[in-house]
Every structure is written in structure tokens, then in C-alpha cells.
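Sequence lines set the chain letters: A, B, ... in the order given, protein chains first and strands last, and positions in each chain run from 1.
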There are 2 protein chains.
Amino acid sequence: MSEDDDALMVRAAWFYYVGGLNQEMTAARLGLTRARVNKMLAEARESGLVSISIDHRRVGVLPLEDRLRTRFGLDFCISTPAFGFHDTSKQDSEVRKQIAFRAVGVAAANHLKTLLSENDSLTVGTGWGRTIEQMTLHLAGVRAPHARFISIMGSLTANNAYNPFEVVHSLARRTGGEGYFLPVPFIADSVDDKKVLISQRSVVKALEIARSASVCFISAGELTEESLLRRQGMISGTELESLRQAGAVGDTNGIFFDSEGRQVDHELNERTIALGFEELKALPVLLLIAGLEKIQAARALLRSGVVNGLIIDGDAAEALAALGE
Amino acid sequence: MSEDDDALMVRAAWFYYVGGLNQEMTAARLGLTRARVNKMLAEARESGLVSISIDHRRVGVLPLEDRLRTRFGLDFCISTPAFGFHDTSKQDSEVRKQIAFRAVGVAAANHLKTLLSENDSLTVGTGWGRTIEQMTLHLAGVRAPHARFISIMGSLTANNAYNPFEVVHSLARRTGGEGYFLPVPFIADSVDDKKVLISQRSVVKALEIARSASVCFISAGELTEESLLRRQGMISGTELESLRQAGAVGDTNGIFFDSEGRQVDHELNERTIALGFEELKALPVLLLIAGLEKIQAARALLRSGVVNGLIIDGDAAEALAALGE
DNA sequence: TTGACAGCGTTACATTTGTCAACTTAAAAT
DNA sequence: ATTTTAAGTTGACAAATGTAACGCTGTCAA
């Protein structure tokens, strides 16, 4: 059924997007109702089956990008156009974030596409999160059979689309490459448990691959009740508070750092299963930042010296530039 | 102006397609009217600045494709979904053709994209026409700095978008590769003139590149008053008639052939400046067919032995399969 | 100078699309 | 066998989109 359904979606997408038929015509040709076609098309876009791409080569480097690049000593900085959301009320905030995720996801996907087509074989490390998820959705039309995608951290318990497992799986499927991930929880229950977990043979092997990544895509989390980490129940309210006490301002892959980008001294950092800062420093790391909530964490992380490239949404870029040194 | 305009178009496209703002919002953000944004977006799609792509990998090989492939001894055959235009009245015929051109163009662009990303450097020969034009429009998001694009035929006098010059130029621009073309008319005024033209050094050099192409994309023309060749005034009504007398049923790149796919014995074939059948036979040749009008010519050309791969629209594929052996 | 002309804004209107609630069917679960 | 669920259909409606008519303004060439 699912396969059948997929084929139908492809046909509908062809009729509508390539053929330029309207939804009514499309429905008639496929023997469906317009409402169904409408939903299928929406799903097709959402799932990344059809993807729109913009020939962005035509716009030069924005001055803002260059400013951020030099200020943080990066190899490159890519900013999406600013959407200019100042006016917005509280209720739109989810929508705004969603837009930022998508925009940065598209930009990141484009960048990854370039990397994949320029290098025959590539080992790509990835983090997790909604921005990363969007990146996987908008990566379309690249064949990279020799590419390897490896999660640089453990997995969530809930099986969300932004779970490392899903991320790696989706990337591998879309490119025809191979996907690897760490088959262990993201945050172990105790330091001793972590030792057991990371000593598993398959985990050791996966971590080895991760450490040899040609490039890593990571994102940052803010440290509030609204953060994804908190909402997913990966950390408790008490833990969050104690992290704050320890000076933490954000996390990447479950590693918590202070405003200077140093890993904080906290028990949680001992339980996280992911590549640490020292390991990341040895790799080319690209940081994806979407949303104003993230700029504190972004600045800290950029100061840490682990980041080599930044992909950020226009609004956050402006805010970050405006943040004092 | 044009550059400014382009940048505006890109920004509008970002807001609308990536950001998901509606046209009114987009207009407000850019300080324009909605009507203008609407037109800009339409232009952006038409010019190929934004392009939608469908992850076609999810549909398997259609039985029809396989039938055509084996029947004509091809390496591969790609068919777009059939749009199923039977019912249509005469006035829609231009619309129908346009849809077919686009569909085949998209499929061809996808194929070319794959080729470019799999081979680091590639020399791509191209013909001319509306299908080829569409192929260039839908080729987006590939960087292939080492690719070379070469027209395998002379140019038109009128500077249309489907002129070999434009085709090659567009391909080169979109991929960052290099474009070459034959700076001579497509059909010389006399056999003697042709001799002079093709002896020009730059022409000799370009033909040399063409003969070394890694792959050639060609299309076919039917031999009626409605054919592009005739409409562009490249051949006169009298010439068309005499070609018919000589047994010709179609052309590719201005070379006329009979229903068995043999070059007809006609003065025009002596005046055409393009790679001939013998030269094409030495190269991997992909034939693009869009529209029912072309199936006679397609069958003939497929019989000639010059074609290695076929990309065809679904309706024409059905009709071609139904045509007797 | 002036008149043709292209580009754009404004407004109005037709078409298309997105969405919802109520109803039907078919399969899955109990 | 009956209840739940999931998925689709239908009809209706609001929102978004595509188009066209008209007038203003600046440019360019006669």
C-alpha cells in the first residue's frame, strides 16, 4: 500500500508541478477527489518528495556574512535572507521558528549538496534537531553512493523525525549512501552506565567512524523550558536548573557549555554519549543556527573554537552581529 | 538594473517558497505590490531561477519503458508519466506540446544531473529545440566546473531561447562549466558555402570537441508545416516538399532521414552543418522525444542505430509502442 | 518638444487552492 | 458481531492566486 501510495504521490506531483495541471485536472486524471490530491501534494512537499530549489548563486556574499565570518574566525558563513520578524506576536513564535528551521535547512542542504557533488566519497557526521531534520528533507537530487552518514551522538527514545537515527537514515536514503548511528541512548542514566554503553563493540566502531568524519553538521540548543531537549524530556526541570547554576548557556549534541564555549563541569556532561569538544576540534564542524532563541548559545559555541563554518538565518545573523563582543 | 532585479527575484522567491509567506506578505516585506510579486514569482519559475524537482527514484521502471528499450536495443529508456491527453481539442494542442516539452525537459535534466555528478569531467554535446531548451531550464543546483558543453550543430539566425548558442550558454552558466558552439549558420546557403564555413579554424576546433563528446543530447523534428524548422524559416515550403519526395520523415539537427533512419539523398543534407549520422554512431547519443507529432521521426531515428538512450513523454511512449514494427 | 512605449501601481474580478465539518466505507480491533 | 479507527468523499466556504483593465510616470528617439 505504502509503495502504491508513494507512486500515486509521484504521479500527482508530476501532473501538478511538471505538467502544470491544476488540482482538479490532476484529481480527474488519477481518479481521485481534489481534496485528496490537495493533501497528497502538501504531503509530497512536506516529506521532501518534491523540493523547490533556488539558484542562489546569483546573490553575492552579504556584508553581514563577512562580518560574522571574520569576527569568529570562520572559514565561511552563509546567511539566509532576513525575514524581518520584529512585529510578531507571541502566538506566531512557533511559525516563525518553523520558517527559520526550514530556511536554514534549505541552505544547509544546498551546502551539503555541493560538498557531496565535489567529493566522491565523504563521511558526514550529523547532530540532531529540527534544523538538521529540515536539512535532510530538502536534500534532493543528489546521488552519492560512496557517501557515509554517521550520527555523532546517541539516539532519542521517542522516535521523532529529528532523531539521529531518522536523520542518518533519511540522508542515506536520499543520496543512496550508507547510514550509521550509535545504537545507544543519547544521555545515559549514570556515568557507570555510560561506560558500559560506549564499550559495546558496535558503539566503539561507530564512534571510530564518527571521529573520522570529513565534515560535521551540528546545531545548538538553548537552555530554557522551551528547548527541545527539555520538551523531549531528555533532561528534567531540576537538571536544567542545576546546569544553569553551573554556568551553562546552551548545548550541542547534549554537551553543555558556558558563555565562553567551555564545557561546564556538570555530571550531565559525563553522561552524554556524543563526540566531545576536543574530538570536534579535530574535525571541520559546521554549525546551523535557526531562530533568535539560539543566539546566546551560538555566540558561546562560536567562541569555543570548535566551529569552522556557520549557516544561520538572516534574522538571527543580524541579532548575533548586534550582540556585544 | 538587471542585477538588482535578479536579486529582488531571489529574495522574493526565498520569502515565498522557502519562508512560506504568501504573496501579500512577501510584497509587504519587499515594498512591492502583490501583483508585481506574483509576476516576479512566475518569471522566477519560468526562467528556472527556482525549480521544483521530484524524487523520481521512488518509482520503479515502467514495463513500457522496458519494452521500448528492448525493442530498439537501447541502453536505457526513461518515460515521463503519461498525461493522457486524448480528449483534447485542437486549440489546446500548443498547451499539450508545451507540457510534453517541459516533462521531457525535466526528465532529461535529471538524467544529465546524475551524469554530471557521477563524472567529474564530462563533455556534453547538445542539439537544439524546445525540449532541449526545457532541459536547460530545469537543470539547477549542480556544480560541474570541469564540464564542457558543446553544440553539435550550427546556430539559428533568430536568437531564440532554443538556439544552440543559448542552450550551451545556459548549461554552462548553470553548472559553472564551459560552453562552446559553432559560430556558423545551421544550414549553409550552398554546398560550396558550407565548405568555406566548416574550414574555418574555430569551427574545425569546435567540431573536434563535438566529436569527442562523452554524451550527446539530441531531439527530433517532424517534417510538416508546423515543425519548428519550418516555422523558423530555416527551410522553405518548397524545400519541405522536395524533402518529402526524397522520402524524408523527420530530421535531427537539420539532418533529414527516411522512415528507416537513413540519411536521405537530398541537397539540404549536404548543406547542413552538424555532426552526421556516422559521427553520431561513434558517440553515446540520447534522444529526447516530446509530443505525439514526433513519433514517426522517433521510430525512424531509433531504427537508424545512432541512438543509445531514449527519454520520452508517457503519451508518446504509448503511441510509439502501439506503432507497428 | 512630443509622442510612443515600457514598467509599474491600483483596483477589480475570476479562478484556484486550502480547509473544515458531516457523512460513508473499509479495515482492524475487541 | 460489534465497536473503533483510519481514510476517503462530498459540499461548502474562506483565503490565496492569477489576470486584466486603466492610468501614471519616466525614457528614448524622432
Side-chain angles (χ1 to χ4, degrees), chain A residues 1-52 54 83-85 87-89 91-92 94-96 98-99 102 137 159 161, chain B residues 1-52 54 58 83 85 87-89 91-92 94-96 98-99 102 137 159 161:
Chain A
M1 295 309 115
S2 161
E3 188 185 326
D4 209 30
D5 209 43
D6 241 33
L8 203 62
M9 228 158 79
V10 173
R11 288 221 298 154
W14 263 87
F15 286 148
Y16 186 75
Y17 288 110
V18 181
L21 306 183
N22 63 26
Q23 299 183 350
E24 205 154 4
M25 292 273 207
T26 306
R29 285 253 151 58
L30 295 171
L32 306 170
T33 23
R34 190 176 65 77
R36 193 146 132 59
V37 168
N38 185 295
K39 260 183 288 187
M40 281 182 36
L41 291 173
E43 201 189 324
R45 254 174 315 186
E46 220 155 284
S47 74
L49 189 143
V50 319
S51 70
I52 43 139
I54 298 176
F83 285 85
F85 288 119
D87 46 339
T88 35
S89 54
Q91 52 185 343
D92 295 336
E94 265 311 311
V95 179
R96 251 178 27 244
Q98 192 55 47
I99 292 179
R102 191 165 54 225
L137 289 182
N159 201 19
Chain B
M1 298 302 117
S2 162
E3 188 186 324
D4 209 30
D5 209 42
D6 240 33
L8 204 61
M9 227 157 82
V10 173
R11 288 222 296 155
W14 262 88
F15 286 148
Y16 186 74
Y17 287 111
V18 181
L21 306 183
N22 63 26
Q23 299 183 350
E24 205 154 3
M25 293 274 205
T26 306
R29 286 251 151 57
L30 295 171
L32 305 170
T33 21
R34 191 177 64 74
R36 192 145 136 60
V37 168
N38 186 290
K39 261 181 285 185
M40 279 181 40
L41 290 172
E43 199 189 324
R45 254 174 316 187
E46 219 155 286
S47 74
L49 190 143
V50 318
S51 71
I52 43 139
I54 298 176
R58 307 199 191 179
F83 285 85
F85 289 117
D87 47 339
T88 35
S89 54
Q91 51 186 347
D92 296 335
E94 266 311 311
V95 179
R96 250 174 33 240
Q98 191 55 48
I99 292 178
R102 192 163 54 225
L137 288 181
N159 201 19

A:Thr33 side chain, from C-beta outward: closest of D:dT10, D:dG8, C:dG9: D:dT10
Separation of atom CZ in B:Arg36 from atom C1' in C:dC8, rounded to whole Å: 7 Å
Spatial distance of atom CG (B:Leu41) from atom CZ (B:Arg34) [nearest 0.5 Å]: 11.0 Å
Side chain to side chain contact (heavy atoms under 4.5 Å, CB included) against A:Thr26, all qualifying residues, sequence neighbours excluded: A:Ala12, A:Phe15, A:Tyr16, A:Leu21, A:Leu30, A:Val37
Whole angstrom value for the distance that separates C1' of D:dA16 from OH of B:Tyr17: 13 Å
Spacing between A:Glu43 atom CD and D:dA7 atom C1', to the nearest angstrom: 12 Å
Whole angstrom value for the distance that separates C1' of D:dG8 from CE of A:Met40: 12 Å
Side chain proximity check, A:Tyr17 to B:Arg45, heavy atoms < 4.5 angstrom: no
Distance (rounded to the nearest 0.5 Å) between A:Arg11 CZ and B:Phe83 CZ: 10.0 Å
Those residues that, when tested against A:Gln23, pass side-chain hydrogen bond (donor to acceptor under 3.5 Å, both in side chains) (two or more places apart): A:Asn38
Rounded distance (nearest 0.5 Å) linking atom CD of B:Glu46 with atom NZ of B:Lys39: 13.0 Å
Atom pair distance, as rounded to whole Å: CG in B:Leu32 and P in C:dG7: 16 Å
Do any N or O atoms of the protein come closer than 3.5 Å to N or O atoms of nucleotides 17-21 of chain D, and which pairs are they?
residue	atom	partner	partner atom	Å
D:dT17	OP1	B:Tyr16	OH	2.8
D:dT17	OP2	B:Gln23	N	2.9
D:dG18	OP2	B:Gln23	NE2	2.6
D:dG18	OP2	B:Asn38	ND2	2.7
D:dG18	O6	B:Arg34	NH2	2.9

